[in-house]
Trainee: 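Right, I'll just put the structure down here and ask away after.
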Amino acid sequence: MKNLRRREFLKKSAVAALGSSALISACSDEKKYAEPDKISNEKFEWKMVTAWPPHYPILGESADKMAKEIEVMSSGRLKIKVFGGGELVPALESFDAASQGVADMCHSASYYWAGKVPAAQFFTAIPFGMNSQQAYSWFFNGGGIDLWKEIYDPFNLIPFPAGGTGAQMGGWFNKQINSVADLNGLKMRIPGIGGKVMNKAGGSSVLSAGAEIYTNLERGVIDAAEWVGPYHDYLMGFHKIAKYYYYPGWQEPASFVELLVNKNSFNGLPDDLKKIIETVATSHCLSMFSTFEQKNAEYYNKLKNEEKVDFRKFPDDVLAVLKKYTEEVLQEMTDSDPMSKKVYDSYKKFQKISSVWTYTAENNYM
Ligand code: CA
């Protein structure tokens with residue numbers, strides 16, 4: 001078996017060495033396509049709702065860009081009008097709008113829908129979970145997308161990964177975190193699974209919408225808040241009211257965005273338009289991620305050198321305790337929901353194998 005595989009590999013390598021023309025003839029596709037002048041010229045006008053404020057930096061901008069790209073690639077056959085949160089429906093009703101056909105698409109983050117689909121959280125962010133490159137590997141090659149489709153199928157929605165924030169920061173604090181005891185009584189704006197972990201650690205997670213975080217932090221209603229990373233946090237102005245900026249972002253080592261398409265709308269499209277949607281969404285996994293990486297690097301330096309922000313690293317024992325509580329929270333989630341268990345089993349298995357490789361190749365290099 002081993003020898004056979006080796007021989008096959010060598011044969012393919014020899015074909016590759018002959019050049020691309022040999023490869024093309026070796027892989028020629030038998031599928032017959034319509035002649036260009038016979039392509040359906042049926043036109044579609046769709047609506048996309050989003051979970052972000054209109055044209056929100058990077059996230060909303062990516063939705064706008066995606067609609068434009070689909071229109072250009074389809075030569076105007078599929079036009080998509082984008083609505084920011086509150087323009088057609090409130091941001092947190094965008095899932096239902098796409099599910100029920102009020103809109104054809106929804107651009108959002110899956111953890112917003114945890115109340116309806118607990119397992120959805122695994123497709124946005126898991127504390128101490130996989131980083132961006134690991135999670136993309138799981139989505140595209142480790143069965144992640146199939147599970148994502150399975151959990152949304154009852155809602156008449158087809159999901160596509162559509163980008164992500166990369167690593168986030170741990171958040172802005174007005175109290176120093178020098179030991180586990182400092183988490184006691186800490187009031188922090190931290191949503192999702194991270195919030196549950198903070199509660200177990202003796203703190204209290206507070207839910208506040210984006211616009212309220214600044215005033216709550218300024219007035220001392222909360223002691224700390226996590227948002228995204230240097231670029232978005234700078235735009236929010238947190239450096240003006242908080243003393244310390246902590247890292248790493250244990251609660252969201254990577255966070256992802258989804259493009260949801262109403263199944264009836266999708267099935268009503270010709271194959272080429274379906275493929276355009278999928279391809280554009282996939283291309284945004286790279287374009288959004290690379291935009292976040294570039295902006296965060298730029299604004300990290302700006303916060304450090306121009307704004308003289310006091311960056312702090314969480315102590316190792318604090319991270320160890322948060323990790324232990326994360327495992328407990330995930331255990332509780334998977335005990336109470338079979339679909340969460342199915343998704344997490346796949347996630348965990350992939351993370352275990354992938355982490356050995358990532359650590360060997362990346363950490364040692366860095
Ligand atoms: Ca966050």
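Remember, it's a predicted structure, so these values are computed and weren't measured experimentally. Just the heavy atoms: all of them, side chains too, but no hydrogens, waters or symmetry mates, feed the values below. Order of appearance sets the numbers: ligands from 1, and atoms from 1 within every ligand. Residues take their numbers from the sequence shown, with the count starting at 1.
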Trainee: Of all N/O/S atoms in E252, which lies nearest to the Ca ion (ligand 1)?
Mentor: OE2
Trainee: Is S255 close enough that one of its N/O/S atoms sits under 3.0 Å from the Ca ion (ligand 1)?
Mentor: no
Trainee: Give, rounded to 10 degrees, the angle between O (W227) and OE2 (E226) as seen from the Ca ion (ligand 1).
Mentor: 90°
Trainee: Where does the angle between the aromatic ring planes of F289 and Y136 fall among parallel (under 30°), tilted (30 to 60°) and perpendicular (over 60°)?
Mentor: perpendicular
Trainee: By the definition ring-ring contact (aromatic ring centres under 6.0 Å, His included), identify the one residue from Y299, Y56, W172 that meets it with H232.
Mentor: Y56
Trainee: Report whether W148 and V261 are members of the same hydrophobic cluster (ILVMFWY, side-chain heavy atoms less than 4.5 Å apart, transitive linking).
Mentor: no
Trainee: Side chains of F123 and P159, heavy atoms from C-beta outward: is any pair under 4.5 Å?
Mentor: no
Trainee: Verify the distance test for P191 against the Ca ion (ligand 1): any N/O/S atom under 3.0 Å, yes or no.
Mentor: no
